[in-house]
Amino acid sequence: MFKIFALIFICVGIYLGMNYSDEIESIMDTDVFEQVQDKVENSKDLVIDKLEEAKN
């Protein structure tokens, strides 16, 4: 049953990727998306630092 759901989600993802690839690429090239990526990377580094401090 779960394999069918996974297959359906994969097919929907492929369909959306093929039909809306230009729109997805234009969204990913915006400054706002780049700012979000930078914030995520900074947050990831902060979390890793906090985990290392907690180990010691």
So which atom in Ile24 and which in Leu16 form the shortest heavy-atom distance, rounded to 0.1 Å?
CD1-O, 4.4 Å

Within this structure, what is the NZ-CD distance for the pair Lys50 and Glu52, rounded to the nearest 0.5 Å?
12.0 Å

Please answer: with hydrophobic residues joined when any side-chain heavy atoms are less than 4.5 Å apart, are Val12 and Tyr20 in the same cluster?
yes

Group every Ile, Leu, Val, Met, Phe, Trp and Tyr by side-chain heavy-atom contacts under 4.5 Å, then state whether Phe2 and Ile10 land in the same group.
no

Could you go step by step and tell me if Met18 and Ile14 meet the side-chain contact (heavy atoms from CB on, under 4.5 Å) rule?
CA-CA 6 Å; Met18 290 176 67; Ile14 291 171; 3.8 Å; yes

At what distance, to the nearest 0.5 angstrom, does CD1 of Ile8 lie from CD1 of Ile4?
7.0 Å

